Amino acid sequence: AVVSTQSTGTWVFYCSSKALDIIPDTLSQNNFSLKQLVRYQVEKRTELEQEVISLQNSDMYRAVVFFSPSGVEFTASMLSRVVSRDCVLVAFGGSTAKGIKQCFGDEYRVEVCERPTPNGVLDVLLKLI
């Protein structure tokens, strides 16, 4: 969220500890004074791997949707051991698609949402069924 502290002057950009520079850079290039405040920390959940492995024998992994590059980063090594190469990786947007490419290379089919919205994800998933 980007919120103005006054009609002109400094804007506040609330973000995660892993936020990309896209929004701040774009606003700065357009003469917005911006103060970035980290709202929450992004960290790896150590118990996630066991939870994912417990689902491994089900037909659960036809597709995996990623909503952020950090989500890709934190799960790539584990998922590559658990999901088959038939699984489709879905990226919420372009930055996430780049993260998938960096972590998985060309091992999986990747679909990118045309719009980074819930309906954009739904559109991709409906094409897959």
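Bear in mind the structure is a predicted one, so any value in this text is a computation, not a measurement. Heads up: numbering here begins at 1 and tracks the sequence.
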Asker: Any side-chain heavy atom of Val110 within less than 4.5 Å of one from Phe104?
Answerer: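 Answer no - side chains too far apart.
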Asker: Mind checking whether Ile100 and Phe66 have side chains closer than 4.5 Å, heavy atoms only?
Answerer: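 Yes, their side chains come closer than 4.5 Å.
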Asker: Taking all non-hydrogen atoms of both residues into account, name the closest pair between Val38 and Ser16 and its distance.
Answerer: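 Here Val38 and Ser16 meet closest at CG1-C, 4.0 Å.
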Asker: Is Phe92 close to Ser68 at the side-chain level, that is, under 4.5 Å between some pair of heavy atoms?
Answerer: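 Not touching, per the 4.5 Å side-chain cut-off.
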Asker: So that I can tick it off, tell me whether Asp123 and Arg115 are bridged by a salt bridge, with the cut-off set at under 4.0 angstrom between side-chain N and carboxylate O.
Answerer: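 Yes, charged N to carboxylate O under 4.0 Å.
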Asker: Considering non-hydrogen atoms only, spot the tightest contact between Pro69 and Ser95 and give its length.
Answerer: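 Looks like CG-O, 3.7 Å.
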Asker: Does the side chain of Thr26 reach to within under 4.5 Å of the side chain of Asp21, using non-hydrogen atoms?
Answerer: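 No, every pair of side-chain atoms sits at 4.5 Å or beyond.
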Asker: Please determine whether residues Phe67 and Phe74 belong to a single hydrophobic cluster, defined as Ile, Leu, Val, Met, Phe, Trp and Tyr linked transitively by side-chain heavy-atom distances below 4.5 Å.
Answerer: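 No.
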Asker: Closest heavy-atom contact between Ala63 and Leu125?
Answerer: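 Residues Ala63 and Leu125, closest heavy atoms: CB-CD2, 4.3 Å.
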Asker: For a side-chain contact (heavy atoms from CB on, under 4.5 Å) check, start with the C-alpha distance between Leu79 and Val64, then their side-chain angles and the critical distance, and finish with the verdict.
Answerer: CA-CA 9 Å; Leu79 283 176; Val64 175; 4.0 Å; yes
Asker: Just to verify, which of Val83, Val88, Asp86 counts as forming a side chain to side chain contact (heavy atoms under 4.5 Å, CB included) with Tyr108?
Answerer: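 The option that passes is Val83.
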Asker: Could you go through Lys18 and Glu73, starting from their C-alpha distance and side-chain angles, then the distance that decides it, and tell me whether this counts as side-chain contact (heavy atoms from CB on, under 4.5 Å)?
Answerer: CA-CA 11 Å; Lys18 300 282 283 184; Glu73 176 187 336; 3.0 Å; yes
Asker: Locate the shortest heavy-atom distance separating Gly94 from Val112; write the atom from each residue and the value.
Answerer: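 Looking at all heavy atoms of both residues, the shortest contact is N-CG1, 4.4 Å.
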Asker: So, do Leu128 and Val90 sit near enough that their side-chain heavy atoms are less than 4.5 Å apart?
Answerer: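 The answer is yes, as the side chains (C-beta and beyond) meet within the 4.5 Å cut-off.
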Asker: More than 12 foreign heavy atoms under 6.0 Å from CD of Glu107: is that the case here?
Answerer: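 Buried by this count: over 12 neighbours within 6.0 Å.
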Asker: Please give the remaining members of the hydrophobic cluster of Leu20, linking ILVMFWY side chains under 4.5 Å, ordered by chain and number.
Answerer: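 Joined to Leu20, directly or through intermediates: Ile22.
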